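Model, not experiment: these values are computed from the prediction.
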Amino acid sequence: TGFEAQIQGQLTDAWSLMASYGYLDGEQVNRLGATGLRPRELPEHTFSVWSTCQVTPWLGLGLGLAHQGESVINNSQTARLPSYTRVDAAIYYDVSENLSVQLNLDNVADKLYFPSAHSTHQVSVGESVNARLSVQWMPW
């Protein structure tokens, strides 16, 4: 059981904000019913917030946080993935009416985090600070 809520909107003509929160309360079941154990890799809380600011008519900036709560990674509930919060950023520029360029920076603080696991001894390490450049051209 659980829920997810999201709110988004324009705070001013140039500033927008989007925030979401998720709560999940899961329980493993087998043929005999509920086991009382939490499912693997199911964080109870997740949260994200993303804000953009249109600095000029052609230049914008974005900043966001993504949080994932602690989760278990084995059926015996003895190993856990720690919670983490990651900071992301973006800058985007409209070169013309038909051409825009965007640079996204993920994990700006270069935080060590573990988003998932295949088993107790195979935990995935999250991406270190990285950049992604995209170009969008719309000819019409």
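Applying the side chain to side chain donor-acceptor pair (under 3.5 Å) criterion to Glu97, with sequence neighbours excluded, gives no partner residue. Under the side chain to side chain donor-acceptor pair (under 3.5 Å) criterion, Asn104 pairs with Gln102, not counting sequence neighbours. Partners of His45 by side chain to side chain donor-acceptor pair (under 3.5 Å), not counting sequence neighbours, listed by chain and number: Tyr21. The side-chain contact (heavy atoms from CB on, under 4.5 Å) test applied to Gln136 returns Ser100, Met138, not counting sequence neighbours.
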Chi angles and distances behind the side chain to side chain contact (heavy atoms under 4.5 Å, CB included) call for Glu127, Asn107 | CA-CA 7 Å; Glu127 294 271 347; Asn107 195 12; 5.8 Å; no
Using the side chain to side chain contact (heavy atoms under 4.5 Å, CB included) rule, take Ile91 and Leu105 through it: C-alpha gap first, then chi angles, then the decisive distance, then the call.
-> CA-CA 9 Å; Ile91 184 169; Leu105 298 172; over 6 Å; no
Between Ile73 and His118, does a side chain to side chain contact (heavy atoms under 4.5 Å, CB included) hold up when you go through it step by step?
-> CA-CA 8 Å; Ile73 58 175; His118 301 291; over 6 Å; no
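The two residues Gly26 and Arg38 have their closest heavy-atom pair at N-NH1, 3.6 Å. Scanning both residues, Ser124 and Pro115, for their nearest heavy atoms gives O-CD, 3.3 Å. Across every non-hydrogen atom of Leu17 and Val49, the tightest pair is CD1-CG2, 3.6 Å. What you find for Gln68 and Pro43 is that their closest heavy atoms are CG-CG, 3.7 Å. Between Ala90 and Trp50, the shortest heavy-atom distance links the atoms CB-CZ2, 3.9 Å. Heavy-atom minimum distance, Trp15 versus Thr52: CD1-O, 3.2 Å.
The backbone N or O of Gln28 lies less than 3.5 Å from a partner atom in the side chain of Thr35, making a donor-acceptor pair. Side chain of Ser134 to main chain of Leu103: no donor-acceptor pair is present (N/O by atom type, distance under 3.5 Å, no hydrogens or angles). No side-chain donor-acceptor contact under 3.5 Å links His67 to the backbone of Arg86. Checked by atom type and distance alone, the side chain of Gln122 never pairs as donor or acceptor with a backbone atom of Ala117 at under 3.5 Å. Remark: side-chain polar atoms of Glu4 are not paired, donor with acceptor, to backbone N or O of Ser20 under 3.5 angstrom.
Residues Tyr84 and Val125 are members of separate hydrophobic clusters, defined by side-chain heavy-atom contacts under 4.5 angstrom among Ile, Leu, Val, Met, Phe, Trp and Tyr. Val101 is connected to Val55 through a chain of hydrophobic side-chain contacts under 4.5 Å among Ile, Leu, Val, Met, Phe, Trp and Tyr, so both are in one cluster. Hydrophobic clustering (ILVMFWY, side-chain heavy atoms < 4.5 Å, transitive): Leu133 and Val129 are in distinct clusters. Cluster annotation: Phe114 is not connected to Leu42 through the hydrophobic network of ILVMFWY side chains, with a link wherever side-chain heavy atoms come within less than 4.5 Å.
Residue pairs meeting the salt bridge (Lys or Arg N to Asp or Glu O under 4.0 Å) criterion with at least one partner in residues 59-81, sequence neighbours excluded, are Glu70-Arg80. Contacts classified as salt bridge (Lys or Arg N to Asp or Glu O under 4.0 Å) and involving residues 54-67 (residues at least two apart or in different chains) are not found.
Residues Ser128 and Asp110 form a side-chain contact, since some pair of their non-hydrogen atoms from C-beta on lies under 4.5 Å apart.
Separating the CG atom in Leu99 from the OH atom in Tyr93 is a distance of 10.0 Å, to the nearest 0.5 Å. In this structure, Tyr23 OH and Thr1 OG1 are separated by 6.5 Å, a value rounded to the nearest 0.5 Å.
With 3.5 Å as the limit, one finds no donor-acceptor pair spanning the side chains of Ser96 and Asn98. Under 3.5 Å, the side chains of Gln8 and Gln6 contain a donor-acceptor pair of N or O atoms.
Atom CG of Leu11 is surrounded by more than 12 heavy atoms from other residues, nucleotides or ligands within 6.0 Å.
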